[in-house]
Amino acid sequence: IFAGEVEIQDINDNSPVFVPDEIKLSISELTSIGARFRLGQAEDPDIGVNSLLDYQMNPSDYFYLQVTDKESSHYIELVLNNTLDHETHRDHFLILTAKDNGIPRRSGTSQIHINVV
């Protein structure tokens with residue numbers, strides 16, 4: 001018989017959450033390609049690897065996601081990748097997803113609504 005002690009530090013019982021869960025941006029059709037728009041990061045109250053987050057966004061012909069690590073937090077930006085035209089495409093709808101590194105992985109989403117003016 002062996003005796004031992006087990007300390008459970010955290011279980012992955014929380015999903016990442018964006019506050020707010022919807023991001024609304026108004027962007028001029030005259031905005032230059034390469035323009036960046038900072039987005040908020042998700043929060044996950046778990047600790048350790050269970051709270052480390054990866055970000056992704058659904059594919060878009062007009063925008064891509066740039067995530068940069070800065071001193072143990074993420075700097076998340078939406079980058080304009082194509083010329084906007086109010087007359088042909090007034091609104092863009094994107095989904096930003098944050099996934100933690102727990103097992104099983106949990107995720108949270110934020111809807112991004114871009115109004116081209």
Side-chain angles (χ1 to χ4, degrees):
I1 296 181
F2 295 97
E5 188 175 304
V6 175
E7 179 182 345
I8 298 175
Q9 294 182 351
D10 187 33
I11 60 171
N12 192 30
D13 56 345
N14 295 292
S15 296
V17 176
F18 287 94
V19 178
D21 63 353
E22 184 176 5
I23 300 165
K24 294 183 180 182
L25 299 172
S26 290
I27 301 175
S28 169
E29 67 181 349
L30 302 176
T31 302
S32 300
I33 292 174
R36 296 172 177 268
F37 306 90
R38 183 144 189 222
L39 303 175
Q41 64 184 22
E43 299 294 329
D44 188 332
D46 290 318
I47 61 173
V49 296
N50 293 337
S51 68
L52 297 176
L53 301 176
D54 296 320
Y55 292 89
Q56 63 188 75
M57 187 180 72
N58 61 306
S60 167
D61 292 333
Y62 294 90
F63 298 93
Y64 67 90
L65 191 66
Q66 179 74 47
V67 180
T68 307
D69 289 324
K70 294 210 178 195
E71 298 178 20
S72 74
S73 66
H74 290 97
Y75 191 77
I76 304 158
E77 294 177 307
L78 187 65
V79 182
L80 183 61
N81 194 37
N82 207 338
T83 304
L84 297 172
D85 185 353
H86 173 78
E87 287 75 25
T88 60
H89 209 128
R90 268 180 209 201
D91 294 288
H92 297 264
F93 297 93
L94 304 169
I95 305 281
L96 177 60
T97 302
K99 292 183 180 180
D100 67 22
N101 287 309
I103 299 174
R105 290 189 88 177
R106 293 180 172 266
S107 64
T109 61
S110 178
Q111 294 185 19
I112 303 171
H113 175 202
I114 299 156
N115 181 20
V116 179
V117 293

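We use all heavy atoms of the structure for the numbers below, so side chains are in, but hydrogens, waters and symmetry mates are not. Positions are given from 1 along the sequence.
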Steps toward side-chain contact (heavy atoms from CB on, under 4.5 Å) verdict (Thr31, Phe37): CA-CA 11 Å; Thr31 302; Phe37 306 90; 4.1 Å; yes
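Note that the CD atom of Gln66 and the CZ atom of Arg38 stand 13.0 Å from one another [nearest 0.5 Å]. The CD1 atom of Ile11 sits 11.0 Å away from atom CD1 of Ile47, with the distance rounded to the nearest 0.5 Å. Between the OH atom in Tyr62 and the CG atom in Leu94 there is a gap of 12.0 Å [rounded to 0.5 Å]. Taking OH from Tyr75 and CD from Gln41, the interatomic distance works out to 11.5 Å, rounded to the nearest 0.5 Å. Taken to the nearest 0.5 Å, the CG atom of Asn50 stands 9.5 Å off from the CZ atom of Arg106.
Looking at heavy atoms from C-beta onward, Leu39 lies in side-chain contact with Leu65 at the 4.5 angstrom threshold. At a threshold of 4.5 Å between non-hydrogen side-chain atoms, the residues Phe93 and Gln111 do not count as touching. Lys99 places none of its side-chain heavy atoms less than 4.5 Å from the side chain of Pro16.
Applying the side chain to side chain donor-acceptor pair (under 3.5 Å) test to pairs two or more places apart or on separate chains, those with a residue in residues 14-26 are Asn14-Asp46.
Residue Ile76 is not grouped with residue Leu52 when hydrophobic side chains (ILVMFWY) are merged at heavy-atom distances under 4.5 angstrom, including chains of intermediate members.
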Residues 77-87 side chain polar contacts: donor-acceptor under 3.5 Å, at least two apart:
unit_1 : atom_1 : unit_2 : atom_2 : d
Glu77  : OE1    : Arg36  : NH1    : 2.9
Asn82  : ND2    : Asp61  : O      : 3.4
Asp85  : OD1    : Glu87  : N      : 3.1
His86  : ND1    : Val116 : O      : 2.6

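Leu30 meets the side chain to side chain contact (heavy atoms under 4.5 Å, CB included) test with Ser28; sequence neighbours excluded.
The heavy-atom pair separating Gly102 from Asn12 by the smallest distance is CA-ND2, 3.4 Å. The minimum heavy-atom distance between Ala42 and Tyr55, with the atom names listed, is N-OH, 3.0 Å. Of all heavy-atom pairs between Leu53 and Asn101, the closest is N-ND2, 4.4 Å.
Heavy atoms of other residues, nucleotides or ligands lying less than 6.0 angstrom from CZ of Arg105 number more than 12.
Taking the six-membered ring where the residue is Trp, His92 and Phe63 present perpendicular rings, their angle passing 60° and hence far from 30°.
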